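Predicted model only: the values in this text are computed from it and were never measured.
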Amino acid sequence: MKPKAKDIREIVAPFKGDRGVTIPVLQAIQNVYGYLPPETFSIIEDELGIPSSVSYGVATFYSQFRLRPVGKHIIKACDGTACHVRGSQTLLSSIKDHLDLKDPESSNDGLFTLEIVACLGCCSLAPVMMIDDVTYGNLTIEKMKEIIMTYRKGGG
Amino acid sequence: MSKTLIRIGYASCGIAAGAKDVLAVVEKRMKKGSRRVELQKTGCIGICFDEPIVQIINEQGQWTYRKVDGKKMERIYDEHVLGGAPIYEWTVGELSTGGEVPDRPIFEHQQRIALRNTGIIDPESLDAYLEKQGYQALEKVLKEMDPDMVVKEIMDSGLRGRGGAGFPTGLKWSFCKKAAGDRKFIICNADEGDPGAFMDRNLLEGDPHSVLEGMMIAANTIGASEGYIYCRAEYPLAIRRLKIAIGQARERGFIGKNIMGTEFSFDITLKEGAGAFVCGEETALIASIEGERGMPRIRPPFPAEAGLWGKPTNNNNVETYANIPWIILNGAREFQKFGIKSSRGTKVFSLAGKINRGGLVEVPMGTPLRKIIFEIGGGIPKDRRFKAVQLGGPSGGCIPTQLLDTPVDYESITATGAIMGSGGMVVMDENTCMVEVARYFLGFTQNESCGKCTFCRIGTLRMLEVLERITKGQGKETDIDELKELAELIRASSLCGLGQGAPNPVLTTLRYFENEYHAHIVDKKCPAGVCKELTTFVIDEEVCRACGLCKKACPSEAIEGKPGVKHVIVQDRCIKCGSCREVCPFDAVGTG
């Protein structure tokens with residue numbers, strides 16, 4: 001969805017008057033667009049009186065926030081301790097090869113964005129990855145390729 | 001025929017392993033008429049390595065089926081649930097009495113207090129919680145006890161903070177209770193950031209009301225009427241179930257004004273974290289709830305005096321709160337029966353890594369590591385050699401074989417150089433490189449350092465550079481001294497636990513595995529065969545039986561050979577991932 005200032009204003013409006021809202025308001029905007037469009041920060045300043053320096057500071061501090069558009073599906077590859085000792089590094093480089101990813105970590109077809117995360121908490125199924133909200137465990141390179149194929153075909 | 005209960009483990013790990021398909025089969029079958037069958041979705045049953053788990057419970061006993069899929073579920077339903085004939089070969093045989101009779105209690109060395117309901121009740125049902133004495137502890141506190149009695153009970157129980165630092169919970173409450181202020185806050189730290197730890201996720205997914213009840217008891221005790229749960233966003237199911245639980249509690253009047261007809265009023269707000277490990281530190285967490293960058297603040301003043309919005313605030317971890325209702329109902333003396341003098345009660349651990357039965361376990365404090373890893377966890381896959389167990393995540397350390405008899409209590413674990421931490425236990429075998437593990441953790445803390453303290457911000461980067469150099473075979477003999485010096489400086493000049501603990505993984509691996517560092521630096525070899533620049537994989541012709549498994553597993557098609565012809569690794573195509581070594585059933589793949 002292409003961000004429009006008016007729409008962003010609508011997302012921001014309900015947070016007026018509350019305190020401690022910087023993170024929730026950024027989360028609400030990102031939930032809609034998958035990232036934080038550049039106009040986010042000035043709109044938050046206008047509507048909520050939070051200086052854009054502050055909201056930008058928050059956005060760059062937390063790993064959840066993205067400042068660039070993302071692919072249709074987000075792959076979160078886990079590199080937690082348990083996944084790490086069970087071969088997540090090899091899996092990770094295979095995902096990159098398989099999707100032909102370069103920096104920034106999005107595939108050319110706009111279908112996938114790869115993020116490396118610290119732990120998804122499914123350690124006994126290591127190595128693990130999450131695509132959007134679905135977690136896949138006990139991965140092998142073959143299995144990873146099959147799963148990604150289902151998303152390519154429009155499933156998942 | 002009596003009623004049969006079908007219980008499906010429906011936590012994140014179960015769902016990831018395929019519990020959705022299993023559930024669909026049961027629901028479809030039940031539509032055909034099933035007055036004698038009851039379906040129950042629970043949180044994690046604890047045997048995560050065998051997910052999806054299905055339990056069939058009837059008058060004859062309880063059977064636990066492992067690695068169930070849709071097809072298996074169809075047969076289990078038709079033959080066992082309807083036909084009364086268990087399919088023994090699919091049950092958790094080695095944990096039961098051989099498969100011919102119902103399971104004995106699955107984890108016999110366990111003692112479940114915090115996890116008392118997890119895996120047993122439907123976490124999305126308030127009634128299920130009420131049936132298990134839910135909210136009775138709150139009622140007792142509101143109607144029969146005054147706050148001083150509650151503080152005394154918790155103090156007498158010996159409960160210490162389960163988030164890792166081990167501060168006595170009763171004492172913490174008493175500080176906040178005494179603090180002057182008309183407005184006070186309760187926080188539940190559910191920002192389980194340690195990689196390799198999933199206790200809190202499972203508790204929140206499996207029994208969210210027990211955590212809410214614990215928070216409410218704390219709130220009434222210290223005089224707070226507002227609470228926050230700070231849960232990491234990586235746990236969508238935990239967040240969903242917490243939302244359901246809060247909604248139910250509000251609807252039935254357990255949350256709101258004049259709870260149970262008393263003066264006590266309380267409301268809870270759920271805050272989703274945004275991904276910052278440092279927010280596990282309480283002052284950083286408070287800054288984050290206030291909407292700021294999660295950077296720690298100088299203590300004192302402690303949050304008990306000036307915390308959220310400058311008001312007195314009590315912050316405890318998920319597991320700590322889950323213990324509270326049990327202690328109130330059963331008494332401090334009962335709780336004291338578990339554990340040892342300085343560390344009372346039980347502790348939940350998540351077992352993961354190179355272990356046969358990874359999952360969630362709750363054991364009395366003081367249980368030796370060996371018992372947890374080898375008896376409950378079933379030891380190391382493929383009978384490989386145990387090398388170390390990592391406790392306490394990025395602020396913790398690696399405990400070696402010779403210390404396996406260390407009991408798990410706060411003081412004994414600290415004496416090894418590791419920390420108790422929140423309960424993540426990652427087991428490492430002979431194929432894990434300890435230098436690379438140290439590099440991994442330093443990379444993590446370096447990335448997660450908030451940047452406030454110079455030594456944490458830059459010192460960890462310098463340490464990381466040294467470790468990267470060593471793992472690439474460019475280490476110098478002076479590197480070990482440099483690491484030790486940096487470690488001391490970072491520890492001494494960082495404000496919070498993240499920085500102070502950051503050197504621990506390096507210091508413990510240096511303490512117990514210095515020979516591995518020397519092998520990397522002097523011999524330019526990685527004994528575990530992990531560091532790519534220092535490893536060459538070779539197949540031992542004498543041992544190879546030409547089964548072809550390694551060839552199939554190789555992602556870079558670097559293995560040549562046919563059935564009957566010994567396999568060979570073509571070195572210039574090898575990416576040194578170690579997949580061949582992992583799959584070889586004959587241990588024919590070694591490092592040269």
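- If you measure heavy-atom distances from A:V85 to chain B, the contacts under 4.5 Å come from both the backbone and the side chain.
- With respect to chain B, the highest number of heavy-atom pairs below 4.5 Å among A:G80, A:A82, A:C123, A:G87 belongs to A:C123.
- Partners of A:A13 by side chain to side chain contact (heavy atoms under 4.5 Å, CB included), not counting sequence neighbours: none found.
- The greatest number of non-hydrogen atom pairs below 4.5 Å with chain B, out of A:G121, A:P24, A:C78, is found for A:G121.
- Ranking B:G578, B:A276, B:A274, B:A16 against chain A, the residue ahead of the rest is B:A274, based on heavy-atom pairs under 4.5 Å.
- A 4.5 Å side-chain heavy-atom check between B:C450 and A:F61 finds at least one atom pair inside the cut-off.
- Heavy-atom minimum distance, B:G196 versus A:C119: N-SG, 3.4 Å.
- Considering every non-hydrogen atom in both B:P195 and A:A118, the closest pair reads CB-O, 3.5 Å.
- Comparing B:G273, B:G18, B:G359 by heavy-atom pairs within less than 4.5 Å of chain A, the highest count is held by B:G273.
- Contact annotation for B:L237: neither backbone nor side-chain heavy atoms come within less than 4.5 Å of a heavy atom of chain A.
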Is there any N or O donor on one of chain A and chain B with an acceptor on the other under 3.5 Å, and could you list each such pair with its distance?
| unit_1 | atom_1 | unit_2 | atom_2 | d |
| --- | --- | --- | --- | --- |
| A:G20 | O | B:K271 | NZ | 3.1 |
| A:T22 | OG1 | B:G291 | O | 3.1 |
| A:Q27 | NE2 | B:E272 | O | 3.2 |
| A:Q27 | NE2 | B:G273 | O | 3.2 |
| A:G57 | O | B:R293 | NH1 | 2.7 |
| A:Y62 | OH | B:S288 | OG | 2.9 |
| A:Y62 | OH | B:E292 | O | 2.8 |
| A:Y62 | OH | B:G294 | N | 3.0 |
| A:S63 | N | B:G275 | O | 2.9 |
| A:S63 | OG | B:G275 | O | 3.0 |
| A:Q64 | N | B:A274 | O | 2.9 |
| A:D79 | O | B:Y440 | OH | 2.6 |
| A:T81 | N | B:Y440 | OH | 3.0 |
| A:T81 | OG1 | B:P195 | O | 3.0 |
| A:H84 | NE2 | B:E436 | OE1 | 2.9 |
| A:H84 | NE2 | B:E436 | OE2 | 3.1 |
| A:R86 | NH1 | B:G353 | O | 2.7 |
| A:C119 | O | B:R232 | NH1 | 3.1 |
| A:C119 | O | B:R232 | NH2 | 3.1 |
| A:G121 | O | B:R201 | NE | 2.8 |
| A:G121 | O | B:R201 | NH2 | 2.5 |

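- For B:V427, the part sitting under 4.5 Å from any heavy atom of chain A is the backbone (N, CA, C, O) and nothing else.
- Neither the backbone nor the side chain of A:A126 has a heavy atom closer than 4.5 Å to any heavy atom of chain B.
- Of the residues considered (B:A352, B:A553, B:G451, B:G294), B:G294 shows the highest number of contacts with chain A, using heavy-atom pairs under 4.5 Å.
- Applying the ring pair (Phe, Tyr, Trp, His ring centres under 6.0 Å) rule to B:F349 yields no partners; only residues at least two apart in sequence or on another chain are considered.
- In terms of heavy-atom pairs under 4.5 Å with chain A, the best-connected choice from B:G353, B:P394, B:G358 is B:G353.
- For chain B, the option among A:V21, A:I23, A:V128 with the highest count of heavy-atom pairs below 4.5 Å is A:I23.
- Only the side chain of B:A233 comes within less than 4.5 Å of a heavy atom in chain A; its backbone stays farther off.
- With a threshold of 4.5 angstrom between heavy atoms, A:V54 does not approach chain B through any atom at all.
- One finds the SG atom of B:C554 at 8.5 Å from the CD1 atom of A:I141 (value rounded to the nearest 0.5 Å).
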